[in-house]
Amino acid sequence: MLPLDRLEEIEARYQELAEQMGRPEVIADNQQYQRSAKALSELTPIVETYRVWKKLEKSLAETKGMLQEGDPELRAMAQDEFTALDRKREQTESELKLLLVPKDPNDEKNVVLEIRAGTGGDEASLFAQELFRMYCRYAESQGWRVEVLSTSYSGIGGIKEVIALIEGQRVFSKMKYESGVHRVQRVPQTEQQGRIHTSAVTVAVLPEADEVEVEIEAKDIRIDTFCSSGPGGQSVNTTYSAVRITHLPTGLVVSCQDEKSQIKNRAKGMRVLRSRLLEMEREKQQKALAQERKAMVGSGDRSEKIRTYNFPQNRLTDHRIGLTIHQLDSILDGRLEPVIEALITHFQTEKLKQELVTA
């Protein structure tokens with residue numbers, strides 16, 4: 001059942017905001033106008049869908065009366081129309097329920113993407129490099145911008161760790177379910193007998209924190225400088241441009257060395273540190289909401305294997321939602337949309353179920 005009282009309140013608020021935006025005093029006040037415009041845009045999809053639902057309800061009531069017609073041909077036509085309208089109403093009702101699910105306040109944020117090679121040695125570092133390439137290609141397809149903040153290479157040219165900032169429209173809303181352990185199964189190039197090896201890479205997706213959200217006092221951090229290094233550990237410059245920031249209260253450590261300027265590396269490092277501190281606070285809140293966390297199993301637990309990339313079978317499997325796609329080559333080329341959309345739909349549905357239980 002739809003919460004009709006709540007929907008009527010939302011529609012009344014929508015009409016009130018629309019009237020407000022036409023008033024001269026609101027138009028003259030830029031800040032108030034922007035606030036009203038934002039609130040109106042957030043309510044618009046709900047109100048428009050609710051109005052479609054109400055029209056369908058009215059049409060169904062009218063068609064239902066025609067089912068009593070004496071003419072068999074008219075009755076048959078009315079029955080066909082009633083069935084089509086009823087199907088459309090059910091679809092609209094489902095859309096409306098999803099629209100009523102509370103939005104994640106982080107959905108609009110940019111993200112800090114962290115990829116680290118796990119078990120599997122050199123093979124894991126090579127796969128970490130491939131995963132980073134996959135996310136870069138996907139970001140490019142979405143019109144997002146990727147800025148590398150820090151990279152640590154393995155001896156054979158793979159990536160031991162990479163930290164990057166992805167900026168764009170609603171990045172976190174699409175990337176937030178990528179956090180976790182990504183497992184790869186394939187025959188490494190160094191394997192002589194053709195045996196399949198299993199390696200793992202960890203991915204963390206953190207919403208970028210604004211300075212106002214996470215305040216870091218100077219006394220709480222220690223900053224060390226050192227010479228940056230490249231693939232294989234060789235020094236790439238002789239100046240102390242690389243920066244290591246230690247947050248003393250939590251023990252968090254962030255290193256940044258991709259820029260030649262110490263000032264730029266420090267600024268980038270502080271962005272990563274703020275995002276990690278925000279994530280720590282977010283995890284505390286999630287633990288407090290045990291019921292929701294239980295319903296969203298696997299959405300943020302990085303110790304859990306969330307996905308397997310099986311090269312011999314050209315198969316990707318997401319274990320959280322039971323999704324299997326035999327187009328691994330296409331996905332690794334950045335065509336992640338089918339996976340992302342399936343995850344969003346699944347977790348939105350789970351959240352909706354939780355909302356209905358607690359309503």
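Please read all numbers here as calculations on a predicted model, not as lab measurements. Numbering of residues begins at 1 and proceeds along the displayed sequence.
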Distance (rounded to the nearest 0.5 Å) between [X] [atom1] and [Y] [atom2]:
| X | Y | atom1 | atom2 | result |
| --- | --- | --- | --- | --- |
| T349 | I344 | OG1 | CD1 | 11.5 Å |
| I331 | R307 | CD1 | CZ | 8.0 Å |
| I216 | L248 | CD1 | CG | 11.5 Å |
| S150 | N265 | OG | CG | 8.5 Å |

Just distance, no hydrogens or angles: give the donor-acceptor pairs under 3.5 Å from side chains in residues 23-37, sequence neighbours left out.
from, atom 1, to, atom 2, distance (Å)
D29, OD1, Q31, N, 3.3
D29, OD1, Q32, N, 3.3
S36, OG, Q20, OE1, 3.4
S36, OG, Q32, O, 3.1

Counting N and O atoms only, with roles assigned by atom type, does the side chain of [X] sit under 3.5 Å from a partner on the main chain of [Y], one being a donor and the other an acceptor?
| X | Y | answer |
| --- | --- | --- |
| S330 | Q327 | no |
| S255 | R244 | no |
| N314 | D329 | yes |
| K305 | H319 | no |
| R13 | L40 | no |
| S141 | Y138 | yes |
| W144 | Q169 | yes |

If you compare all heavy atoms of [X] against all heavy atoms of [Y], which two are closest, and at what distance to 0.1 Å?
| X | Y | answer |
| --- | --- | --- |
| I306 | S179 | CD1-O, 3.5 Å |
| G120 | S199 | CA-OG, 3.7 Å |
| S125 | S154 | OG-OG, 3.0 Å |
| M66 | A78 | CB-CB, 3.8 Å |
| A139 | V146 | CB-CG2, 3.6 Å |
| N310 | L328 | O-CD2, 3.5 Å |

Is atom [atom1] of [X] surrounded by more than 12 heavy atoms (other residues, nucleotides or ligands) closer than 6.0 Å?
| X | atom1 | value |
| --- | --- | --- |
| E147 | CD | yes |
| D5 | CG | no |
| M21 | CE | yes |
| K54 | NZ | yes |

After noting the C-alpha distance and the side-chain angles of V203 and L113, does the key distance pass the side-chain contact (heavy atoms from CB on, under 4.5 Å) rule? CA-CA 7 Å; V203 174; L113 173 69; 3.8 Å; yes
If you measure from the Lys or Arg side-chain nitrogens to the Asp or Glu carboxylate oxygens, is any gap between E208 and R274 under 4.0 Å?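 No, no charged N to carboxylate O under 4.0 Å.
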Could you list the residues that satisfy salt bridge (Lys or Arg N to Asp or Glu O under 4.0 Å) with E73, not counting sequence neighbours?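 Per chain and number, E73 pairs via salt bridge (Lys or Arg N to Asp or Glu O under 4.0 Å) with no residue.
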Would [X] and [Y] count as having a side-chain donor-acceptor pair, cut-off 3.5 Å?
| X | Y | result |
| --- | --- | --- |
| Y135 | R137 | no |
| Q313 | Q185 | no |
| R315 | T317 | yes |
| T250 | H247 | yes |

According to the ring pair (Phe, Tyr, Trp, His ring centres under 6.0 Å) rule, which pairs have a member within residues 79-124, sequence neighbours left out?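 Checked against ring pair (Phe, Tyr, Trp, His ring centres under 6.0 Å) - neighbours excluded - no pair reaches residues 79-124.
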One pair to check against side-chain contact (heavy atoms from CB on, under 4.5 Å): T83 and Q79. What are the steps and the verdict? CA-CA 6 Å; T83 302; Q79 183 60 58; 3.4 Å; yes
Does a side-chain heavy-atom distance below 4.5 Å link [X] with [Y]?
| X | Y | answer |
| --- | --- | --- |
| L85 | T63 | yes |
| P207 | L278 | yes |
| L60 | K64 | no |
| E81 | M77 | no |
| L2 | Y50 | no |
| V184 | V201 | no |
| L273 | L252 | yes |
| I325 | P338 | yes |

If we check salt bridge (Lys or Arg N to Asp or Glu O under 4.0 Å) with E57, which of these qualifies: R51, R89, K88?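 Among R51, R89, K88, the one that satisfies the salt bridge (Lys or Arg N to Asp or Glu O under 4.0 Å) with E57 is R89.
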Candidate pair I159 and I115, rule side-chain contact (heavy atoms from CB on, under 4.5 Å), full reasoning: CA-CA 9 Å; I159 291 175; I115 301 175; 6.0 Å; no
Set out, in order, the CA-CA distance, both residues' side-chain angles and the distance that settles salt bridge (charged side-chain N to carboxylate O under 4.0 Å, His left out) for K176 and D107, then state yes or no. CA-CA 8 Å; K176 61 183 173 182; D107 277 352; 2.9 Å; yes
Evaluate the criterion side-chain contact (heavy atoms from CB on, under 4.5 Å) for residue pair I166 and N110; output intermediate values, then yes/no. CA-CA 6 Å; I166 304 180; N110 300 325; over 6 Å; no
Going by atom type alone, with no hydrogens or angles, which donor-acceptor pairs under 3.5 Å involve a side-chain atom of residues 126-134 and a protein atom two or more places apart or on another chain?
from, atom 1, to, atom 2, distance (Å)
Q129, NE2, G157, O, 3.1
E130, OE1, R186, NH1, 3.3
E130, OE2, R186, NH1, 2.6
E130, OE2, R186, NH2, 2.6
R133, NH1, L332, O, 3.4
R133, NH2, D333, OD1, 3.2

Between E108 and R170, does the salt bridge (charged side-chain N to carboxylate O under 4.0 Å, His left out) criterion hold? Intermediate values first, please. CA-CA 4 Å; E108 301 291 337; R170 294 180 60 79; 2.7 Å; yes
Within residues 157-167 or reaching into it, pairs that qualify as salt bridge (charged side-chain N to carboxylate O under 4.0 Å, His left out) - sequence neighbours excluded: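 Pairs touching residues 157-167 that pass the test: R116-E161, R145-E167, E167-R271.
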Applying side-chain hydrogen bond (donor to acceptor under 3.5 Å, both in side chains) to T202 and H182, what does each step give before you reach the verdict? CA-CA 6 Å; T202 60; H182 295 238; over 6 Å; no
In terms of hydrophobic clusters joined by side-chain contacts under 4.5 Å, are L56 and L7 together?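 No, no single cluster joins them.
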Those residues that, when tested against A84, pass side-chain contact (heavy atoms from CB on, under 4.5 Å) (two or more places apart):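 None.
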